[in-house]
Each structure stands twice: as structure tokens, then as C-alpha cells.
Amino acid sequence: MPLPAPKAGPMVPSALAKRIPKIHLHCHLEGTLRPATFVELADKHGVPLRYRPPFDSAQGDTGRGQSFDCAHSARSAQDDTAYRFEGLQEFLYLFAAVSRSLRAPEDYARLAAEFVDDALAQGVIYGELFVSPSVWTFFNPTLDVRATMEAVVTELRRARPRAIFRLLPDLTRNFGEASATETARAMATMTDLDVVGVSLGGDEVRFPARLFVEPFAYARSQGLHCVAHAGEAGGAASVRDAVELLRAERIGHGIRALDDPSTIELLATRRIPLEICPTSNRLTGVALTGHPHPYADFDRLGCVVTIDSDDPALFETSITREYELVESIAGPAALERYVRNAIEATFAAPIEKQAMRTQLEEAVAELHERSSS
Ligand code: ADE
Ligand code: ZN
């Protein structure tokens, strides 16, 4: 039973957001790295906290090749401002810098262990997490990817039975089609390591969906699910291409689909869930400040909205905070619906979905009891 709408305006304390079971559908594991751990690992490995590719322009630079680095800033492990950026492109460089600080399987094990601690503390019960192995090997070509995936999965499995985490390795647009194919092939051999699909992140403008038709078709032929970021930096056509060319089953962000009613209709009629990350969209400039975040528009237009945190540490947020934002603005009934949508949008087995529905019902019923006693 949905909870009633809040009586007062947006600042109503978020009772449901804290207690509701949480589902990660759009969370990059590397983007959960605690800032203090980032600084510590960067120091340990002697790598800078900032990254820029050699030709920092839109002139066909793939981000591959030699990198030059800004001077290593002298920061202490207490400094929680290690994560600074302006706009989406700078954010993607920060994501690269964070990935470069992870150099060995034990670093990834630590990343995953800290993620599990943070997730369980927030009541996360299920997640399909992005990892970016082609970024790992870009910075560290000799890294043993299978050993690293094993290190990650060993830690993620420690969350069971309280939470189940699976992986959606990212094919990363910036490295082009050949790298995407190589990654898709490698990941198809790692379903024993909880790989359930592939995703597509990175520079959406310079590396459009049409370049990745083959690797996605291959992944699908191997029984992997397919999801893609789209409509974040690119326009509505990029969202349509992700659905029609890549056959993406969920869309990360999708915000720019709102520019084109026919793309919205496509998403709504095919029931393709949108993984919406409000704070990420604000900080990368995808959603305008001073205006309501457009997730409510998607909802009103009949699209399937889900809520997540993208790269929570880098955006100085958390899944709880994102749920709180939504609850305080759209109300608890909307938040509950978005979590329900997320459960249905997972690639979990029917019996697992049923268990998640039950956990949701129980949490909501408990809150009703509290509020009526
Ligand atoms: N990789 C990590 N976060 C991303 C984002 N928000 N968009 C595209 N690629 C990403
Ligand atoms: Zn993302």
C-alpha cells in the first residue's frame, strides 16, 4: 500500500528513504571509492590525483595513448575534497583518475569490501554494479582481469544473504569498437563471476552507439543482458539508438529523451526502465539547477523511473541521499513506486524478485504501523 503524500513541502523528513530496501541499478563500483581510500591508494602507487588525456580537446582524441598528469597535489587522507570537477567531461577524467589509483587485485578487493560495508549499512538488498575492466587495463595493461574480477566478487559475495550483487562490465565508448569486442568476449567467459550483462559508458558524443552494434550483438548472443548510458551528453537520438541498435534493456540517465516525444513514446511503450541519478545529473550539468529534476516528467509521461546514485563517492552522495531527495520532493508514494520499478527492472530470478517485493512490503507496512501508532 503506498504511503500518503507528505503534508508539508519539500523539507519533510525522509522516513521512508532511510528504511526502504534499496536497489542499485546504476552504480559504478569504482565511483564508490571513499575519498580517503583514493588518496591513500594514489599515494601508495605514486599516481596523481588528477588525470588528463594528452590532447584534451574534441579533436578525435580517444583518450588512449600517453597521458600527461597535473602535479600530484599534496593532500592528506583526511581531505575529502579530492573529488572535484566541473561538468561531465571533467567528471569522466576524475573517474579515470580514480580508476588509475586501483592497480592490483587487492586494491579492488578493498574497494569492493568498503562498498559492501557502505551498502549494507544503508539497507541495499540487491545490485547490478558497473565495473570498467577496459579502463583498468588502460592504466595497467598487465593487470590480470580475471584475478581482479575474482577479488571483487569474493568481497561482494560476503554480503550474502543480506544482499546480492552482480556485475555489468562496461564496454567504455572511448576505447572504440575493437576494445569493446575484446571486453565483451572476455566478460562472456566470466558468468561464473556473477557477470550478468554488459553496459556502455564513457563519451557518448564522440563515440555513438552505432560503433558498438557488433560487440553488443555478440554479448547478447552469449546470453548477456545489455544496458547503456544514453541521453546524458547525447541527445534523444542517442537514446533511440541505444534501444534500437544496441537493444539496451535499460537506459542510464536518458534525460535528453525528453526533447523528443517519439523517443519518450518508445521508452514508455517498450517499458524500458530509466536509471535516473538526480545528483549526478545536477553536477554534470545534464539537469538544470533551479528547475525540478525531470524524473517526475518521465513518470508523468508513462516511463519506468528508477533512482540511483551513479558514482556516489565522486558526487558526494549515496543511494540513501538520492532516495531522500526524491522522497522529500516527490513524496513517499513516488519513492516506493520507483523502488518497485527497480525490483522489476533487475535481471534477478523470479524467486529473487519475489523475495525483494516481500522485503519492500514489510518495510512499508512497518512504517505505516509506526505512523499510525
Ligand atoms: N562512467 C562513470 N560514470 C559515468 C557517467 N555518469 N556517464 C558516462 N560514463 C560514466
Ligand atoms: Zn553512470
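Start at 1 and go down the list; that is how both ligands and their atoms are numbered. Every value quoted in this text rests on a predicted model; they were computed, and no experiment measured them. This chain uses plain numbering: 1 for the first residue, then up along the sequence.
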Q | Atom pair CE/NZ of M356 and K22 - distance to nearest 0.5 Å | A | 15.0 Å
**Q.** A96, G202, A230: member with heavy atom nearest to atom 9 (N) of ligand 1
**A.** G202
Q: Run the contact test for H253 against ligand 1 with a 4.0 Å cut-off on heavy atoms, strictly below, and give the result.
A: yes
Q: Could you tell me whether some N/O pair between S280 and ligand 1 is separated by less than 3.5 angstrom?
A: no
Q. Can you check whether D203's main-chain N or O pairs, donor with acceptor, with N174's side chain at less than 3.5 Å?
A. yes
(Q) Less than 4.5 Å apart, side chain to side chain, heavy atoms only: is that true for K44 and S101? (A) no
Q. Please state which protein non-hydrogen atom is closest to atom 7 (N) of ligand 1 and give its distance, to 0.1 Å?
A. E232 OE1, 2.6 Å
Q: Determine yes or no for a side-chain-to-main-chain donor-acceptor pair under 3.5 angstrom, with D107 supplying the side chain and A104 the backbone.
A: yes
Q) What protein heavy atom sits nearest atom 4 (C) of ligand 1, and how far off is it? A) H28 NE2, 3.7 Å
Q.
Can you confirm if the NZ or CZ of R247 lies within 45° of the ring axis of F216 and under 6.0 Å from the centre of its six-membered ring?
A. no
Q.
Among all protein heavy atoms in this structure, tell me which lies nearest to atom 3 (N) of ligand 1, with the distance rounded to 0.1 Å.
A. D311 OD2, 2.9 Å
**Q.** F91 touching ligand 1 at heavy-atom level, < 4.0 angstrom
**A.** yes
**Q.** Region of D310 engaging ligand 1 - heavy atom pairs below 4.0 Å
**A.** side chain
(Q) Between H293 and H291, does the ring-ring contact (aromatic ring centres under 6.0 Å, His included) criterion hold? Intermediate values first, please. (A) CA-CA 6 Å; H293 188 284; H291 294 264; over 10 Å; no
Q | Distance below 2.8 Å from the Zn ion (ligand 2): protein N/O/S atoms | A | H26 NE2, H28 NE2, H229 NE2, D310 OD1
Q) Within less than 4.0 angstrom of ligand 1, does T284 place any heavy atom? A) no
Q | Side chain R250, main chain A345, donor-acceptor under 3.5 Å | A | yes
Q) Between CG of L102 and CZ of F38, what distance do you get to the nearest 0.5 Å? A) 9.0 Å
Q | Residue, atom name and distance, where the atom is the protein heavy atom closest to atom 10 (C) of ligand 1 | A | L92 CD2, 3.6 Å
Q) Does R357 pair with E344 as a salt bridge, N-O distance under 4.0 Å? A) yes
**Q.** Short N-O contact, R158 and E155, less than 4.0 angstrom
**A.** yes
Q. Looking only at heavy atoms, what is the nearest atom pair of L258 and D297, with distance?
A. CD2-CB, 4.0 Å
